[in-house]
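Beneath this line is the structure, given in structure tokens, with notes to follow.
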Amino acid sequence: MNKMTPIAAWSYLVVATLLEAALANKVLSLSTTYTNIAIGVLAASQVVTVGAIYLGLKYEPRAVVGIAVASLFFAVLAVVLALGSLGH
């Protein structure tokens, strides 16, 4: 990992968080469905970024990565379902 990788990952996390906040506060005008999908994708990409860069999951055995992927799936599912219930 070179010196720019953690800085680039941190910058992406900040920008993605700001975009999520803008979507959640209806600053960007999207329908509820598209907003939920966009926030879910952003949240998933943030988890993948942290897992790959800061936790070093690419050096772990497949079983550990499988557990991380399953956790990611359920975390994104919970966020999407929670956001979907707020829209109704």
Worksheet item: Do Y54 side-chain atoms and P6 backbone N/O form a donor-acceptor pair below 3.5 Å?
Response: yes
If you round to the nearest 0.5 Å, how far is [atom2] of [Y] from [atom1] of [X]?
X   : Y   : atom1 : atom2 : answer
E20 : T35 : CD    : OG1   : 12.0 Å
L19 : T17 : CG    : OG1   : 9.5 Å
L13 : I53 : CG    : CD1   : 9.5 Å

Worksheet item: Shared ILVMFWY cluster between V15 and W10, side chains joined below 4.5 angstrom?
Response: no
Practice prompt. Check the pair S45, Y12 against side chain to side chain donor-acceptor pair (under 3.5 Å), reporting the backbone distance first and the verdict last.
Written response: CA-CA 10 Å; S45 68; Y12 170 72; 2.4 Å; yes
Worksheet, complete the sentence: Y34 and S31 have their tightest heavy-atom pair at CD1-OG, 3.0 Å
Worksheet item: Under 4.5 Å between any side-chain heavy atoms of L42 and L23, yes or no?
Response: yes
